[in-house]
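Worksheet for the structure shown next.
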Number of protein chains: 2
Amino acid sequence: MSSVAKSPAAKAALPEKTAEKAPKRVRRTAEEARRLILDAAEERLAKQGPEGLRLQDIARDVGISHPAILHHFESREGLVRALIARANKQLRDTMLTALGGGHVSTDAADHIDHVFRALSDRGTARLLSWLLLTGRASESSDAHNIMGEIVAALQARREEYAEMKGKPAPDKEDTLFMAMLTANAAFGEAIVGRQLAEGAGLDQDGIKRFRAWFAKLLNDHWDGDR
Amino acid sequence: MSSVAKSPAAKAALPEKTAEKAPKRVRRTAEEARRLILDAAEERLAKQGPEGLRLQDIARDVGISHPAILHHFESREGLVRALIARANKQLRDTMLTALGGGHVSTDAADHIDHVFRALSDRGTARLLSWLLLTGRASESSDAHNIMGEIVAALQARREEYAEMKGKPAPDKEDTLFMAMLTANAAFGEAIVGRQLAEGAGLDQDGIKRFRAWFAKLLNDHWDGDR
DNA sequence: ATTTATATTGACAACAATGTCAGTATATCT
DNA sequence: AGATATACTGACATTGTTGTCAATATAAAT
């Protein structure tokens, strides 16, 4: 990323007619180009925030000219929408497969860690946050379904677990609240986490301990009093 | 805030020389002007996100011309810095006075509600979030101290409470984690809260119930096992 | 090899936003 | 009242960013 792709320097060798053209243009498939562009945009967004999302910069990152981006996404807004759609999809997939994995009910720590990783460690939460901050929330009605699906899956797991233990079925709202708290905390951590941790003198390992602590809190509540 | 101050409409009464000038320019004190500008900027930011922070818009809201803003804040960046500084200060004050109020140890619900109100209901968390997303974190080294102060105050309360109950003093890190979780959750709620709540079919009252639920969770932990 | 479709580019247009400046009006001080 | 400091304005300069367009190169099809 230090040295940008140069135009062919070996061009003025022969002043003959053979030397006057050496275009060497890269041509990707549309799908591949879109993927590269989205990747670059995501990275910029994660690193520099909303104001770092400029077509020219992204183009430079990919090594293309900025009209190419317009060609693939119509407009800047189109690019943003594509970004949103992909982030939502990734999030949904990650969460649901995590919920689907077997070892949930016994140990919430892994589970919490999954959620935090999916949202916080990778830039997804920051991306989604920015989307929400800029008021583009309504466009991604997917978010609704995602939350619904997750809570449903979680509730199913919980009832299953309760039955196994011979306990009464847990309250649906209680499950919802657990999910909401987790989501809120993960988003919050994605944004203020590093800042808070630094302020409190917590290192990377301390953050891990925090997540474990949180997992335990939820775990206790999971098969606790209620 | 609905009707902006209008320029004098009663001006074309006499076509005489007396009617040709009616400047009626408002002149505030520098302090007052700065306050108004910051208020307007804050509101824009809360409503429309980062991209809504344009000098011309803010100026229109206040009823002045945009160079006036530059006059008071040097540059756009200056305005942003002032915004940050004020938000930090407000946050610190709110939190510490909330911590200082007597009824903390017995009922965490009020307390949690205070925190959420200070961060979430008003636009503070969104503002700070945007600041963090845009990477302006380093400029507000105040944040460090804030977190430190709060945790210290909380820990003091907790030790006091533990002694009253004749229990062993709580772990400092445990207190820190409680504060971190609360902060994360409040920030998260400020950003994704409405979206999640809608997706889950929760109304305003449901959000209140969630906060109460969270408060209870912390409360139980407060004088619980550890 | 020729044709076809389209990914890609450079140059330019259009616009928006910050910032500059010289001048104007208003509160305050003497 | 007159003088002074400065909050404020309108017009302009500047810069940066999105978007348009005609032209070009390249992969795939015939």
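Note on naming: letters A, B, ... go to the chains in the order of the sequence lines (proteins, then strands), and numbering restarts at 1 for each one.
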Checklist entry - At under 4.0 Å, does any side-chain N or O of Arg76(A) touch on OP1 or OP2 of dT18(D)? => result yes
Checklist entry - What integer distance in Å separates Glu51(A):CD from dT18(C):P? => result 10 Å
Next on the checklist: Does any part of the side chain of Leu83(A), heavy atoms only, come nearer than 4.5 Å to the side chain of Leu131(A), both counted from C-beta?
Outcome noted: no
Item to check | Arg28(B) side-chain proximity, nearest of dT20(D), dC8(D), dT24(D) | outcome: dC8(D)
Item to check | Under 3.5 Å side-chain donor-acceptor pair for Thr134(B) and Glu51(A) | outcome: no
Checklist entry - Is a donor-acceptor contact shorter than 3.5 angstrom present between the side chain of Arg25(A) and the base of dT24(D)? => result yes
Next on the checklist: Without decimals, in angstroms, what is the distance between Lys24(B) NZ and dC8(D) P?
Outcome noted: 17 Å
Next on the checklist: Measuring to OP1 and OP2 of dT17(D), would you say a side-chain N or O of Arg54(A) lies under 4.0 angstrom away?
Outcome noted: yes
Checklist entry - Phe73(A) has an atom CZ; how far is it from atom C1' of dT18(D), in whole Å? => result 16 Å
Checklist entry - Got a second to check how far Gln48(A)'s CD is from Leu53(A)'s CG, nearest 0.5 Å? => result 9.5 Å
Checklist entry - With sugar-phosphate meaning primed atoms plus P, OP1 and OP2, does Ser75(B) contact a base, only sugar-phosphate, or nothing at under 4.0 Å between heavy atoms? => result sugar-phosphate
Checklist entry - Ile58(A) CD1 to dT8(C) C1': how many Å, rounded? => result 17 Å
Next on the checklist: Rounding to an integer number of Å, can you tell me how far Arg60(B) CZ sits from dG10(D) P?
Outcome noted: 13 Å
Next on the checklist: Could you tell me how far apart Asp57(B) (CG) and dA16(C) (P) are, to the nearest whole angstrom?
Outcome noted: 12 Å
Next on the checklist: If I take atom CD1 in residue Ile64(B) and atom P in nucleotide dT24(C), what distance separates them, rounded to the nearest angstrom?
Outcome noted: 21 Å
Checklist entry - At under 4.0 Å between heavy atoms, what does Leu55(B) touch on the DNA or RNA strands: base, sugar-phosphate, or nothing? => result sugar-phosphate
Item to check | Candidates dG19(C), dG10(D), dA7(D) - which lies nearest the side chain of Ser65(B) | outcome: dG10(D)
Next on the checklist: Over all strands shown, is Ile69(B) touching base, sugar-phosphate only, or nothing at heavy-atom distances under 4.0 angstrom?
Outcome noted: nothing
Checklist entry - Which residue, Arg27(B) or Gln56(B), contacts DNA chain C at a nucleotide closer to its 5' end, judged by nearest heavy atom? => result Gln56(B)
Checklist outcome for this item: Taken to the nearest 0.5 Å, the spacing of Arg157(A) CZ from Leu154(A) CG works out to 9.0 Å
Item to check | Nucleotide of dT26(D), dG10(D), dA11(C) approaching Pro67(B) most closely (side-chain heavy atoms) | outcome: dG10(D)
Checklist entry - Once you round to the nearest 0.5 Å, how far does CZ of Arg194(B) lie from CD1 of Ile207(B)? => result 6.0 Å
Next on the checklist: Please confirm whether the shortest side-chain N or O distance from His72(B) to OP1 or OP2 of dC8(D) is below 4.0 Å.
Outcome noted: yes
Next on the checklist: Please report the distance, rounded to the nearest Å, between CZ in Arg34(B) and P in dT6(D).
Outcome noted: 15 Å
Checklist entry - According to a strict under-4.0 Å criterion, is His71(B) in side-chain N/O contact with OP1 or OP2 of dC8(D)? => result no
